[in-house]
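Note that the structure is a prediction, hence the values are computed from the model and not measured. All ligand and atom numbering here is 1-based and tracks the order in the structure.
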Amino acid sequence: MSTLFKKGLFLTNERKIQEFYQHFQTYDEGFEYGSQLPEWFLRNWSKSKRWLLALLETNIPEIKAHRSAKDNSATLMQALLDIVEKETDKQRPNYGLLLLWASLSNAAPIAFWTLAFVLSHPDVHRAILEGMSSVFGTAGKDKIKVSEDDLKKLLLIKWCILEAIRLRAPGVITRKVVKPVKILNYTVPSGDLLMLSPFWLHRNPKYFPEPDSFKPERWKKANLEKHAFLDCFMAFGGGKFQCPGRWFALLEIQICIILILYKYDCRLLDPLPKQSCLHLVGVPQPEGQCQIEYKQRV
Ligand code: HEM
């Protein structure tokens, strides 16, 4: 959030963090229905949405004015506000809320899923720890800085994240048809909803052999240097509306996983959970609880 909006903007004290967390959780849980139904059907959701919008609204002037002290660069939120400059002031907090939701609700569960998949595959876990100690030395209490070069040496972590995304991709991506489109012999009329399921596409053995297995090494074939995923990998959507935060997401999750595994000795206390089928939009949550034990390395 500091990178996307402005450092220290929202989370100033413990009470505020708690309040933010509760409203964001309510907003996230009801998003799928709240974004489609009239708001008075979901009173709590609507209340949390208004709280988050008010928070963004108060902060818009500061978000707009802020420049990075280091190199005077703009944040992603500023770039977004510049693009929508012509829109009325009233809509600006809504763009902020879209960015807030899109950046947290998928990346945070994928960080969890990656960790859970890695911890439930001892060979992969061991290989990652070996790679990390060859880059950062013996894992432990020291503070580390993760450079771009370090990330290139730790490709297995990136493959694990992509494999976790493949297996826990959003259930559906929808598009409202604005002009009639011809697909094979069918014409889809305007106003209809087209839906594509990355979740099921990623389970097609024609494109992903042994589709239900966690196999990070399948990503060896992807030309990630050239920013290309594997064919038929659709977790971020496709075409001109695909997720603009996809490379940022991979970067932040990589750093998050490195820091956790460097600092803590982790193990799963529960079996790897299945994905919950409750929500189809966005990355699924785990079905039931999954505890992770972590001990600080000494
Ligand atoms: C693993 C994490 C993520 C996944 C799986 C994901 C997936 C998606 C998907 C499926 C869409 C809809 C694309 C479409 O409609 O065709 C989307 C849209 C979007 N994502 Fe992400 N996303 C992730 C992380 C992020 C992050 C970290 C950011 C911000 C930095 C972000 C910003 C956005 C925005 C702003 C949109 C709306 C784009 C639009 O409507 O044109 N996402 N994302």
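- The nearest heavy-atom contact from the protein to atom 26 (C) of ligand 1 is Ser103 CA, 3.6 Å.
- Within ligand 1, counting atoms from 1 as listed, the ones closer than 4.0 Å to a heavy atom of Glu252 are 27 (C).
- Nearest heavy atom pair, residue Ile257 against residue Leu115, reads CD1-N, 4.1 Å.
- Ligand-side atoms of ligand 1 in range of Ile110: 1 (C), range being under 4.0 angstrom from any heavy atom.
- Here the shortest heavy-atom distance to atom 5 (C) of ligand 1, taken over Phe241, Phe236, Trp113, Trp247, belongs to Phe236.
- Looking at Ser276 and Glu287, their side chains never bring a donor and an acceptor atom within 3.5 Å of each other.
- Looking only at heavy atoms of the protein, atom 35 (C) of ligand 1 is closest to Pro244 CG, 3.8 Å.
- Looking only at protein heavy atoms, the nearest one to atom 2 (C) of ligand 1 is Asn106 CB, 3.6 Å.
- Side chain of Arg166 to backbone of Pro216: no donor-acceptor contact under 3.5 angstrom is found.
- Distance screen at 4.0 Å: atom 39 (C) of ligand 1 has no protein heavy-atom neighbour inside the cut-off.
- Remark: among candidates Ala108, Gly237, Ala249, the nearest residue to atom 24 (C) of ligand 1 is Ala249, based on non-hydrogen atoms.
- At a distance under 4.0 Å, no protein heavy atom can be found next to atom 12 (C) of ligand 1.
- An N or O contact shorter than 3.5 Å is missing between Gln242 and ligand 1 by distance.
- In this structure, atom 30 (C) of ligand 1 lies nearest to the protein heavy atom Phe248 CD2, 3.7 Å.
- The aromatic rings of Phe236 and Phe229 sit parallel, their planes meeting at an angle under 30°, below the 60° perpendicular limit.
- With a heavy-atom cut-off of 4.0 Å, Ala235 touches ligand 1 through its backbone alone.
- Between Cys243, Ala107, Pro109, Ala169, it is Cys243 that holds the heavy atom closest to atom 8 (C) of ligand 1.
- Between Glu163 and Arg218 there is a salt bridge, since a side-chain N of the basic residue sits under 4.0 Å from a carboxylate O of the acidic one.
- Ring-plane geometry between Tyr294 and Tyr264 is classed as perpendicular, the angle between the planes exceeding 60 degrees on a 0 to 90 degree scale with a lower cut at 30.
- Annotation: Trp200, atom CH2; neighbour count of heavy atoms from other residues, nucleotides and ligands within 6.0 Å does not exceed 12.
- Remark: atom 20 (N) of ligand 1 lies closer than 4.0 Å to at least one protein heavy atom.
- Between Trp219 and Phe233, the distance separating the two ring centers is shorter than 6.0 angstrom.
- Below 30°, between 30° and 60°, or above 60°: for Phe117 and Trp113 the angle between ring planes is between 30° and 60°, a tilted geometry.
- Side-chain atoms of Trp45 and Glu29 form no donor-acceptor pair, as typed in the model, at a separation below 3.5 Å.
- The closest protein non-hydrogen atom to atom 32 (C) of ligand 1 is Ala102 CB, 3.6 Å.
- Distances from atom 15 (O) of ligand 1 to the heavy atoms of Arg175, Arg246, Met234, Lys240 put Arg175 nearest.
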